[in-house]
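The structure appears right after this line, and notes come after that.
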Amino acid sequence: MAVERTFSIIKPDATRRNLTGKINARFEENGLRIVAQKRLWMSRQQAEQFYGVHKARPFFNDLCTFMTSGPVVVQVLEGENAVAKNREIMGATNPANAAAGTIRKDFAESIEANSVHGSDSPENAATEIAYFFAGTEIVG
Ligand code: UDP
């Protein structure tokens, strides 16, 4: 298995409820190392660009409003098969369908306010990491 990096966001619904530490514990307990992390408030432009792939979807506008409704924590997680492992730890997009013990099952408020983002492929992880972090900010 290859050591890999993935991009993660702790979303505004989770920072608002002070869940950053509890969510980070899920990553660490499951063998992912937080090798970069910062808290920021995304601009509308950043949110629209980040979720650009969903531009034509009916939820796009509300999603961008939600993602700019409060601070987020952007992160780089490192570990064996980090992309797939993080998707497993996160659970399904809709918390109603998420498996027991996943972040979204335990913390998400709705299909939109679902507490975390995680890259869905190594290629997207590389693009998303570069969107938010300079190489010097990532310390493995
Ligand atoms: N989303 C939404 N309504 C939907 C589907 C998705 O509000 O019907 C939001 C949700 O916050 C989700 C994000 O859009 O996390 C990106 O959707 P995607 O299908 O990429 O899900 P993810 O990869 O985050 O599980």
Side-chain angles (χ1 to χ4, degrees):
M1 283 195 285
V3 172
E4 192 172 76
R5 286 177 176 171
T6 191
F7 178 72
S8 165
I9 304 178
I10 300 179
K11 295 185 179 182
D13 66 290
T15 60
R16 176 171 47 78
R17 288 174 290 149
N18 226 10
L19 292 170
T20 299
K22 283 195 171 130
I23 290 172
N24 278 346
R26 299 291 178 99
F27 300 141
E28 294 184 339
E29 283 160 4
N30 285 284
L32 294 179
R33 185 175 297 276
I34 302 161
V35 295
Q37 174 167 261
K38 60 190 171 191
R39 183 173 164 107
L40 55 88
W41 199 308
M42 283 174 75
S43 67
R44 183 86 196 178
Q45 193 194 359
Q46 270 178 317
E48 287 180 357
Q49 196 174 335
F50 182 76
Y51 280 117
V53 66
H54 294 308
K55 210 180 213 153
R57 308 284 289 277
F59 60 81
F60 178 73
N61 199 47
D62 285 350
L63 174 62
C64 292
T65 300
F66 163 64
M67 289 301 291
T68 56
S69 68
V72 299
V73 177
V74 294
Q75 314 175 295
V76 180
L77 308 178
E78 184 180 87
E80 288 199 347
N81 290 320
V83 171
K85 185 178 281 185
N86 187 37
R87 297 291 301 190
E88 226 178 276
I89 297 167
M90 289 162 58
T93 308
N94 185 346
N97 303 327
T102 60
I103 291 171
R104 284 168 165 171
K105 182 68 173 184
D106 293 343
F107 300 125
E109 293 182 323
S110 66
I111 190 170
E112 176 184 84
N114 59 4
S115 302
V116 282
H117 165 85
S119 309
D120 60 5
S121 70
E123 295 70 30
N124 286 343
T127 307
E128 292 173 1
I129 289 169
Y131 189 59
F132 282 101
F133 289 99
T136 49
E137 293 179 297
I138 305 167
V139 184

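Everything quoted here is computed from the prediction, not taken from an experiment. Counting starts at 1 for both ligands and their atoms, following the listed order.
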Which protein residues have a heavy atom closer than 4.0 Å to any atom of ligand 1, listed by chain and number?
Lys11, Tyr51, His54, Phe59, Leu63, Arg87, Thr93, Arg104, Ile111, Glu112, Asn114

Would you check if the distance from the ring center of Phe7 to the ring center of Phe50 is below 6.0 Å?
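Here the rings of Phe50 and Phe7 have centres that are less than 6.0 Å from each other.
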
Out of Gln37, Lys38, Arg39, which one pairs with Gln75 under the side chain to side chain donor-acceptor pair (under 3.5 Å) rule?
Gln37

Using modelled atom types and a 3.5 Å cut-off, is there a donor and acceptor pairing between side-chain atoms of Asp62 and backbone atoms of Phe59?
no

Determine whether a donor-acceptor pair (N or O, by modelled atom type, separation under 3.5 Å) exists between the side chain of Arg5 and the backbone of Ile129.
no

Answer yes when Asp106 and Arg26 have at least one side-chain N-carboxylate O distance shorter than 4.0 Å, and no when they do not.
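Yes.
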
Could you please spell out the steps behind the side chain to side chain contact (heavy atoms under 4.5 Å, CB included) verdict for Leu77 and Ile34?
CA-CA 5 Å; Leu77 308 178; Ile34 302 161; 3.7 Å; yes

